[in-house]
Amino acid sequence: MAQPVWKTPAGSLGVIPETKFYRNYVVATDPGGGGVAYSIIAGSLPPGVQFNGTTGQVSGTPLVVNESVTSRFTVRASTVALPKRIADRTFSLTITGDNTPLWTTPAGSLGYY
């Protein structure tokens with residue numbers, strides 16, 4: 001009976017533009033052929049993004065950010081079969097914002113003074 005084996009590499013799960021839907025999965029397998037359940041045990045996901053502990057799906061629409069923000073979180077993969085065996089891995093997601101100013105003044109000359 002061995003602990004779960006992570007298929008998803010540790011580290012960044014990507015860079016997501018604010019307000020754009022995102023979906024990805026973290027995947028680990030049970031060498032014994034059983035199922036695996038997931039839980040976040042440290043850190044947090046960006047606001048607007050959720051985690052499904054049954055499937056390992058990370059999905060959602062990140063909220064608006066004033067500057068690029070990186071969220072780090074640790075996921076625990078646990079075998080469903082008893083005795084429970086675990087393996088932890090740390091991931092990150094970066095949310096970027098396109099907060100360039102929007103001009104309301106038309107282009108061109110402002111006049112002569």
Side-chain angles (χ1 to χ4, degrees):
M1 301 240 181
Q3 67 186 36
V5 176
W6 279 100
K7 301 295 183 190
T8 306
S12 177
L13 293 177
V15 176
I16 311 166
E18 63 186 10
T19 72
K20 300 296 181 196
F21 182 76
Y22 171 84
R23 179 182 305 140
N24 201 348
Y25 291 85
V26 294
V27 178
T29 59
D30 177 359
V36 174
Y38 306 92
S39 59
I40 294 179
I41 61 166
S44 62
L45 292 169
V49 178
Q50 298 82 35
F51 183 74
N52 183 318
T54 303
T55 63
Q57 179 178 298
V58 180
S59 65
T61 303
L63 301 181
V64 173
V65 294
N66 291 329
E67 59 185 18
S68 293
V69 176
T70 300
S71 298
R72 289 177 179 73
F73 54 98
T74 301
V75 177
R76 172 166 286 169
S78 304
T79 59
V80 175
L82 297 175
K84 297 263 188 207
R85 295 169 317 276
I86 62 170
D88 300 338
R89 185 153 282 185
T90 300
F91 302 101
S92 66
L93 279 172
T94 300
I95 310 303
T96 61
D98 183 17
N99 296 322
T100 55
L102 298 175
W103 290 96
T104 57
T105 305
S109 174
L110 294 175
Y112 298 98
Y113 302 97

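For the numbers below, each heavy atom of this structure counts, side chains included, while hydrogens, waters and symmetry mates do not.
- Here the side chain of T90 pairs no donor or acceptor atom with the backbone of T74 at under 3.5 angstrom.
- Between atom OG of residue S68 and atom CD1 of residue I95 there is a gap of 9.0 Å, rounded to the nearest 0.5 Å.
- Side-chain contact check for Y25 versus T8: every heavy-atom pair is 4.5 Å or farther apart.
- The two atoms that bring T79 and K84 nearest to each other are O-CD, 3.1 Å, heavy atoms only.
- In this structure, L93 and V58 approach most closely via the heavy-atom pair CD1-CG1, 3.9 Å.
- V65 is not listed as a side-chain neighbour of E67, based on a closest heavy-atom distance of 4.5 Å or more.
- Checked against side-chain contact (heavy atoms from CB on, under 4.5 Å), V15 has the following partners two or more places apart in sequence or in another chain: T94, T96.
- Counting non-hydrogen atoms of other residues, nucleotides and ligands closer than 6.0 Å to NZ of K20 gives a total of 12 or fewer.
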Please tabulate, one pair per line, all N/O donor-acceptor pairs under 3.5 Å involving side-chain atoms of residues 37-52, not counting sequence neighbours.
from: Y38; atom 1: OH; to: A28; atom 2: N; distance (Å): 3.0
from: Y38; atom 1: OH; to: A28; atom 2: O; distance (Å): 3.2
from: Q50; atom 1: NE2; to: G48; atom 2: O; distance (Å): 3.2
from: N52; atom 1: OD1; to: T54; atom 2: N; distance (Å): 2.8
from: N52; atom 1: OD1; to: T55; atom 2: N; distance (Å): 3.1

- Might you work through the side chain to side chain contact (heavy atoms under 4.5 Å, CB included) test for F73 and L13, ending with a clear yes or no? CA-CA 11 Å; F73 54 98; L13 293 177; 3.9 Å; yes

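- In this structure, the ring-ring contact (aromatic ring centres under 6.0 Å, His included) partners of F91, at least two apart in sequence or on a different chain, are W6.
- A search for side-chain contact (heavy atoms from CB on, under 4.5 Å) contacts involving F21 returns R23, S59, T61, not counting sequence neighbours.
- Screening residues 24-45 for salt bridge (charged side-chain N to carboxylate O under 4.0 Å, His left out), with sequence neighbours left out, gives D30-R85.
- Between the S12 side chain and the G14 main chain, a donor and an acceptor come within less than 3.5 Å of each other.
- Evaluation of the salt bridge (charged side-chain N to carboxylate O under 4.0 Å, His left out) rule for R89 yields no partner, not counting sequence neighbours.
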